[in-house]
Amino acid sequence: MYKIILASNSPRRKELLAGLDLDFEVHVLKNIDESYPDDLPASEVAAYISHKKAAAYKNIIAEDQLVITADTVVVLGNQIMGKPATREEAVEMLRALSGKTHHVITGVCLTTTEEQRSLSVTSEVTFKVLSDEEIDYYVDNYRPYDKAGAYGIQEWIGYVGVTGLKGSYFNVMGLPVQRIYQELADMFGAHELIRGGKALP
């Protein structure tokens, strides 16, 4: 089995990957360029950035290592909503999402020295109309400045605001773990994954 490296500081991605009962370690390179061409379709941005992140590891990983890189974007219409830098931006984003349906897209690369597999998973999320009081309460108490679209579906705003979800809930959190498991099973065999799970002898 390869030694799995999660190239992300996100506590949510760490929690989700741990749910697959696979041993892994976190290693994040600094100052990776996450820019993308202005004319790139919004639906392709997450995959593009996850590939750029993977490229930074390609020449430094060992033969027995497998690196997982990922990027998640929130797309409303053709507009990409990144992480808000200020309270005002967070409030503005949530007001834009209020009463509408948007898409959450996560691009993932599984990279070894010999092979690279990539995938992109899209989930559709619908919010009720959020009041200004609800938006202010969420932003002030949960400070979602590290989250694309200024929200975490697993937090209070998801409990009270999300009225519809099509696709993977975990993808909206930041990592489509079912698809990642399937890709790893295709690469190594489900039996090897289960046998190698940290919960089993």
Side-chain angles (χ1 to χ4, degrees), residues 6-20 24 26 28 30-32 34-36 38 40-50 53 68-108 119-180:
L6 175 63
S8 174
N9 280 321
S10 166
R12 292 166 297 281
R13 289 190 180 130
K14 184 177 179 180
E15 175 189 354
L16 290 169
L17 188 60
L20 294 182
F24 67 93
V26 175
V28 181
K30 295 181 179 179
N31 302 319
I32 295 178
E34 297 186 20
S35 63
Y36 55 89
D38 292 338
L40 189 69
S43 60
E44 299 177 14
V45 168
Y48 181 89
I49 295 176
S50 70
K53 292 178 179 179
I68 299 175
T69 55
D71 190 75
T72 301
V73 298
V74 171
V75 181
L76 179 63
N78 293 317
Q79 178 187 2
I80 292 178
M81 294 188 167
K83 299 173 183 177
T86 64
R87 183 187 186 280
E88 289 71 25
E89 283 188 10
V91 169
E92 183 180 344
M93 287 183 185
L94 290 171
R95 284 177 176 167
L97 296 174
S98 175
K100 298 184 180 71
T101 297
H102 64 274
H103 294 91
V104 180
I105 307 171
T106 302
V108 178
L119 57 102
S120 183
V121 176
T122 301
S123 301
E124 185 179 279
V125 181
T126 301
F127 270 109
K128 72 164 192 166
V129 175
L130 300 167
S131 68
D132 288 343
E133 291 78 10
E134 289 167 335
I135 292 173
D136 289 342
Y137 174 84
Y138 175 68
V139 171
D140 290 338
N141 285 277
Y142 289 86
R143 302 179 62 81
Y145 305 124
D146 64 334
K147 299 176 178 66
Y151 81 92
I153 194 171
Q154 73 279 10
E155 295 178 339
W156 182 85
I157 198 73
Y159 282 62
V160 306
V162 173
T163 60
L165 170 65
K166 293 182 181 178
S168 168
Y169 172 85
F170 299 119
N171 181 55
V172 182
M173 284 183 65
L175 201 64
V177 283
Q178 189 279 328
R179 281 291 306 280
I180 290 174

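Keep in mind the model is a prediction, meaning the values are calculated, not measured. Only heavy atoms go into these numbers, but all of them, side chains included; no hydrogens, no water, no symmetry mates.
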Keeping the roles fixed (side chain from [X], backbone from [Y]), state whether a donor-acceptor pair exists under 3.5 Å.
X     : Y      : answer
Ser98 : Leu130 : yes
Ser50 : Thr69  : no
Glu44 : Pro41  : no
Asp71 : Tyr48  : no

Are the side chains of [X] and [Y] in touch, meaning some heavy atoms are under 4.5 Å apart?
X      : Y      : value
Arg95  : Asp132 : yes
Phe127 : His102 : yes
Ile105 : Ser43  : yes
Leu97  : Met81  : yes
Val139 : Glu89  : no
Trp156 : Glu134 : yes
Met93  : Tyr151 : no
Gln178 : Asn171 : no

Can you tell me how far apart [atom1] ([X]) and [atom2] ([Y]) are? Round to the nearest 0.5 Å.
X      : Y      : atom1 : atom2 : value
Leu17  : Ser8   : CG    : OG    : 10.0 Å
Ile180 : Leu6   : CD1   : CG    : 8.5 Å
Ile68  : Lys53  : CD1   : NZ    : 13.0 Å
Phe170 : Gln154 : CZ    : CD    : 10.5 Å
Asn141 : Ile157 : CG    : CD1   : 11.0 Å
Lys14  : Leu16  : NZ    : CG    : 12.5 Å

Non-hydrogen atoms of [X] and [Y] that approach each other most closely:
X      : Y      : answer
Ala70  : Val108 : CB-CG2, 4.1 Å
Ser168 : Ser123 : O-OG, 2.9 Å
Val74  : Ala148 : CG2-O, 3.5 Å
Pro144 : Pro84  : O-CG, 3.6 Å
Tyr145 : Ala90  : CE2-CB, 4.0 Å

How would you list, by chain and number, every residue that makes a side-chain hydrogen bond (donor to acceptor under 3.5 Å, both in side chains) with Thr72, sequence neighbours excluded?
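For Thr72, the residues satisfying side-chain hydrogen bond (donor to acceptor under 3.5 Å, both in side chains) (neighbours in sequence not counted) are Arg13, Thr106.
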Tell me if the NZ atom of Lys166 is crowded by more than 12 foreign heavy atoms within 6.0 Å.
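Not more than 12 within 6.0 Å, no.
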So does Arg87 have more than 12 non-hydrogen atoms from other groups sitting under 6.0 Å from CZ?
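Yes, CZ of Arg87 has more than 12 neighbouring heavy atoms, counting only those of other groups under 6.0 Å.
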Would you check, one step at a time, whether the test side-chain contact (heavy atoms from CB on, under 4.5 Å) holds for Leu76 with Lys100?
CA-CA 8 Å; Leu76 179 63; Lys100 298 184 180 71; 4.1 Å; yes
